[in-house]
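Sending over a structure as structure tokens; questions will come in a sec.
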Amino acid sequence: MWFRSEHHGVGIAFTDATEGNLATHTGDDPAVVRQRRRTVECELGTGARGVRFVHQVHGTTVHDASGTDAPEQAPEADAAVSTDGTPLGILTADCLPVVFVGRTDDDAAAPVLAVAHAGRKGLLDGVLQHTVGALEDRGATGITAWIGPAVCGDCYEVPAEMAEAAEAALPGIATTTAWGTPGLDLPSAADALLRERGVSVATAGTDRKAWCTLEHRALYSYRRDTTPQRLAGLVWARNGRDTE
Ligand SMILES: [Zn+2]
């Protein structure tokens, strides 16, 4: 496990290679992946309900996964939210996995949970803002976000035209890689836009080189290995109705 923490009765975790590939859509044996997911659920104590994942398509749709019945097919979305403690997961290998916990004014209510997958496209198209909006629509007031392992600005090289276009859409995202070529800094851009949106960003992961998927073998990197393996960002209510 790369990172594990607790925040007001909510568990937050980001897996690493120790937990293995957790994606069912990239060619791995689905039965083996399901077993790995169960092992992670047991280790973290996410409760009786399985972690809900979505079918990620680099879009901005936020799926509401509240409720006990998981759909047969993961719905197409790049973010998910739950209001009843239903555990959520998001899969990445270089893109940003972002986990959200929203507190509500109703102390008896479960916290509002969310996850989002933000690559270059999703970030520029506003997937994080959509996710924050979905949290607020469900009564979340104080929202905290954790930006998980992702490729850092030193390592994410893109063509110059792409860097220019991204910078025009989201000022501050363009950077220069460690080897002097045009690049994008997705984690810093996400951090800045979340803060601007009134979200508290957790200090875990602030040192982006220490959380860079490309620089650490314990993390999966599509850019480094063209790997079908994916890491998971996870959030669950520790004292949700079905978690004991
Ligand atoms: Zn890096």
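Counting from 1, the numbers follow the sequence of the chain as shown. Atoms within a ligand are numbered from 1 in the order they appear, just like the ligands themselves.
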Practice item. Test side-chain hydrogen bond (donor to acceptor under 3.5 Å, both in side chains) on T213 and D94 and set out the steps. Key: CA-CA 6 Å; T213 44; D94 289 342; 2.6 Å; yes

**Study point:** For H25, ring pair (Phe, Tyr, Trp, His ring centres under 6.0 Å) partners two or more places apart
**Key:** none

Check your understanding: Using 4.0 Å as the upper bound for N to carboxylate O, is an ion pair formed by D84 and R49?
Key -> yes

Check your understanding: Just wondering, more than 12 heavy atoms not from Q73 lying within 6.0 Å of its CD?
Key -> no

Exercise for review: Kindly write out the residues that satisfy ring pair (Phe, Tyr, Trp, His ring centres under 6.0 Å) with H8, not counting sequence neighbours, or none if the list is empty.
Suggested key: none

Review point. Sorted by chain and residue number, which protein N/O/S atoms are under 2.8 Å from the Zn ion (ligand 1)?
Key: C152 SG, C155 SG, C212 SG, E215 OE2

Check your understanding: For R195, which residues count as a side chain to side chain donor-acceptor pair (under 3.5 Å) partner, sequence neighbours excluded?
Key -> D191

